[in-house]
Amino acid sequence: MRLRPALPLILSLCLPLWATTAARAETAATKPAHTAKAGKPATPRQQLKSEAKALALASETVEDISEAQLAMASRVLTGTAACEFNQNISVTAVEGHPGHFLVGHKGQRYRMTPRETSTGAVRLEDKVAGVVWIQIPAKSMLMNARAGQRMVDSCQLAEQRLALHAAPAADSGIGIVPQLAAAQPQAAASAP
């Protein structure tokens, strides 16, 4: 008779332990068997990575491109850019997906889409990886948007190098000085 009052206490202590063990066994049985190596189940970290890759693939294929993004995509320079510290970045358009680009750096490939900017600079962004490619007339750069720092700077594609070398040859300056210099001799000649 002494066991009877102790039985509810023992059950109340063991029941939560039994329930969590049963729940783990049930979830292990329902999860797909991802394998890291032949015959070994995947670790939780490997399962998270595979789920993240699947989510990234799904977001890449679902994203729609607006007309403004397509207009900006027409301004994206493609090819291989020579960067600082002898690094290279490749920018290629994805066939069959207008407005999508692959930017490659150090074995990593980022699928990027254009984003509108207020400055007129071309901005490509991979939201999943948090990486941004910014292109201005003189140079381009690859940035880690999450950390807020440049990954690679001073990248120039062939078109940017040509434009940079052509500007001093044209003696254009910023567009103000040559016009003023040309206007001053005309003003002096027309003065009495």
Pairing donors with acceptors under 3.5 angstrom, does anything connect the side chains of T113 and R115? yes

Keeping the roles fixed (side chain from Q69, backbone from E116), state whether a donor-acceptor pair exists under 3.5 Å. no

Quick check for you: to the nearest 0.5 Å, what is the distance between T117 atom OG1 and I136 atom CD1? 11.5 Å

Shortest non-hydrogen contact from I89 toward C83: CG1-SG, 3.8 Å

With hydrophobic residues grouped by side-chain heavy-atom distances under 4.5 Å, do V131 and V152 end up in a single group? yes

Hey, is the main chain of L77 close enough, under 3.5 Å, to the side chain of Q135 for a donor-acceptor pair? yes

So which heavy atom on A81 is nearest to which on L157, and how close? CB-CG, 3.8 Å

Heavy atoms of A71 and S74 approach each other most closely as O-OG, 2.5 Å

Are there more than 12 heavy atoms of other residues, nucleotides or ligands under 6.0 Å from atom CZ of R109? no

Membership question, hydrophobic clusters at under 4.5 Å side-chain separation (ILVMFWY): are L102 and M151 in the same one? no

Closest heavy-atom contact between P137 and Q160? O-CG, 3.6 Å

Are the side chains of I65 and P98 in contact, using a 4.5 Å heavy-atom criterion? no

Are Y110 and V122 connected, step by step, through hydrophobic side chains (Ile, Leu, Val, Met, Phe, Trp, Tyr) whose heavy atoms are closer than 4.5 Å? yes

Does R161 have more than 12 heavy atoms from other residues, nucleotides or ligands lying within 6.0 Å of its CZ? yes

Heavy atoms only: give me the nearest F101-A93 pair and the separation to one decimal. CD2-CA, 3.7 Å

Do H97 and R111 have side chains that get closer than 4.5 Å, going by heavy atoms? yes

Which atom names give the shortest non-hydrogen contact between M141 and D153, and what distance separates them? CB-OD1, 3.7 Å

Do E125 and M112 have side-chain heavy atoms sitting under 4.5 Å apart? no

Any side-chain heavy atom of K139 sitting closer than 4.5 Å to one from E84? no

So, do T92 and T78 sit near enough that their side-chain heavy atoms are less than 4.5 Å apart? no

Between the side chain of Q108 and the main-chain N/O of H105, is any donor-acceptor distance below 3.5 Å? no

Test of understanding: clusters of I, L, V, M, F, W, Y form through side-chain heavy atoms closer than 4.5 Å, transitively. Do M72 and W133 belong to the same one? yes

